Amino acid sequence: MTASAGVNELLRSTFPADPCWAVVVRRTVTERLADLLPHPEQVDDAAMATGELFANAVRHASRGPRDTVAVTIECTERVLRVIVADRSPVLPRAVDEVAESGRGLAIVAALTDGWGTAPPDPGIPGKKVWFTIGRRGAAP
């Protein structure tokens, strides 16, 4: 989904790249989506998937205590898209199912309709990792 007519940006916020901020990120997403998604489990799925992407950005892309992670929520009548951007150009990769850690992308894949990566905005280093969730029961 690209920015165009019919896309509403519901959130664009930057958070410290610190694991203790994960609860704030999840709470922020939950509050923004509570009235937007017709099913509470979709809100929970979106908050959990965002939390996983945020945790991955902090764990694998943070370069220090002043680093930040940006979270953007966009939606159309039918689709919600959450984008988590960090300053590392290293793309995420899924690990096998038996690994003791590193299953965040598998969790994101299980909770959402799709996920992927995108280049950063012009002039900003790093990458974006996004997921989509269809707004089940939303107006056609």
Side-chain angles (χ1 to χ4, degrees):
M1 177 172 26
T2 59
S4 63
V7 176
N8 294 314
E9 186 174 272
L10 303 175
L11 173 72
R12 181 179 291 259
S13 191
T14 303
F15 300 92
D18 184 312
C20 70
W21 280 85
V23 69
V24 175
V25 170
R26 287 190 304 271
R27 184 180 326 120
T28 301
V29 169
T30 298
E31 289 170 356
R32 293 294 170 110
L33 299 180
D35 294 329
L36 180 70
L37 293 173
H39 302 285
E41 68 272 8
Q42 287 182 294
V43 176
D44 293 342
D45 290 349
M48 182 176 278
T50 305
E52 290 295 330
L53 294 184
F54 178 81
N56 283 349
V58 170
R59 186 176 305 116
H60 301 293
S62 177
R63 294 185 174 150
R66 291 186 174 177
D67 210 355
T68 60
V69 176
V71 177
T72 303
I73 301 173
E74 301 172 340
C75 82
T76 67
E77 283 184 23
R78 297 178 187 232
V79 178
L80 168 80
R81 181 175 176 180
V82 176
I83 305 157
V84 176
D86 60 57
R87 295 187 175 272
S88 171
V90 178
L91 296 178
R93 60 183 174 85
V95 298
D96 67 50
E97 297 173 3
V98 296
E100 288 188 26
S101 66
R103 293 187 300 266
L105 291 176
I107 292 169
V108 171
L111 295 174
T112 68
D113 294 325
W115 71 273
T117 61
D121 290 334
I124 298 176
K127 66 179 168 301
K128 296 177 181 178
V129 183
W130 55 266
F131 67 82
T132 58
I133 294 178
R135 295 178 63 202
R136 293 181 306 196

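Keep in mind it's a predicted model, so treat the numbers as computed, not measured.
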Partner residues of D35 under the side chain to side chain donor-acceptor pair (under 3.5 Å) criterion, sequence neighbours left out: none

With the 4.5 Å side-chain cut-off for hydrophobic clustering, are L111 and W130 part of the same group? no

Take L10 and L36, measure what side-chain contact (heavy atoms from CB on, under 4.5 Å) needs, and give me the verdict at the end. CA-CA 10 Å; L10 303 175; L36 180 70; 3.1 Å; yes

Please round to the nearest 0.5 Å and tell me the distance separating atom CG of D18 and atom CG of D67. 11.0 Å

In this structure, would L37 and L11 fall into the same cluster of hydrophobic residues linked by side-chain contacts under 4.5 Å? yes

Among D86, D121, T72, which one satisfies side-chain hydrogen bond (donor to acceptor under 3.5 Å, both in side chains) with K128? D121

Is it true that V23 and V84 fall in one hydrophobic cluster, defined by side-chain heavy atoms closer than 4.5 Å? yes

Show the nearest heavy-atom pair for residues V129 and W115, with the distance to one decimal. CG1-CE3, 4.2 Å

Take F15 and T28, measure what side-chain contact (heavy atoms from CB on, under 4.5 Å) needs, and give me the verdict at the end. CA-CA 11 Å; F15 300 92; T28 301; 4.3 Å; yes

To the nearest 0.5 Å, tell me how far M48 CE sits from E41 CD. 13.0 Å

Is L53 linked to W21 within one hydrophobic cluster, defined over Ile, Leu, Val, Met, Phe, Trp and Tyr using a side-chain heavy-atom separation of less than 4.5 Å? yes

How close do A34 and V43 get, counting heavy atoms only, and between which atoms? CA-CG2, 4.2 Å

Heavy-atom closest pair (R26 atom, A47 atom, distance to 0.1 Å) is CG-O, 3.4 Å

Working note: K127 + L91, criterion side-chain contact (heavy atoms from CB on, under 4.5 Å); need CA distance, chi angles, decisive distance, verdict. CA-CA 7 Å; K127 66 179 168 301; L91 296 178; 4.0 Å; yes

Any side-chain heavy atom of V25 sitting closer than 4.5 Å to one from V71? yes

Closest heavy-atom contact between R135 and Q42? CA-NE2, 4.0 Å

4.5 Å side-chain heavy-atom contact, C75 and L80: yes

Indicate the atoms forming the closest heavy-atom contact of F54 with P16, along with that distance. CZ-O, 3.4 Å

Are L105 and F131 connected in a single hydrophobic cluster, I mean Ile/Leu/Val/Met/Phe/Trp/Tyr linked by side-chain heavy atoms less than 4.5 Å apart? yes

Which atom pair, heavy atoms only, marks the closest approach of L33 to A46? CD1-CB, 3.6 Å

Could you tell me whether the side chain of P92 reaches within less than 4.5 Å of the side chain of N56, counting heavy atoms only? no

Chi angles and distances behind the side-chain contact (heavy atoms from CB on, under 4.5 Å) call for D45, T112: CA-CA 7 Å; D45 290 349; T112 68; 6.0 Å; no

The reported gap from CZ in R87 to CD1 in I124 (rounded to nearest 0.5 angstrom) is 6.5 Å

Do the side chains of I83 and I73 get nearer than 4.5 Å, heavy atoms only? no

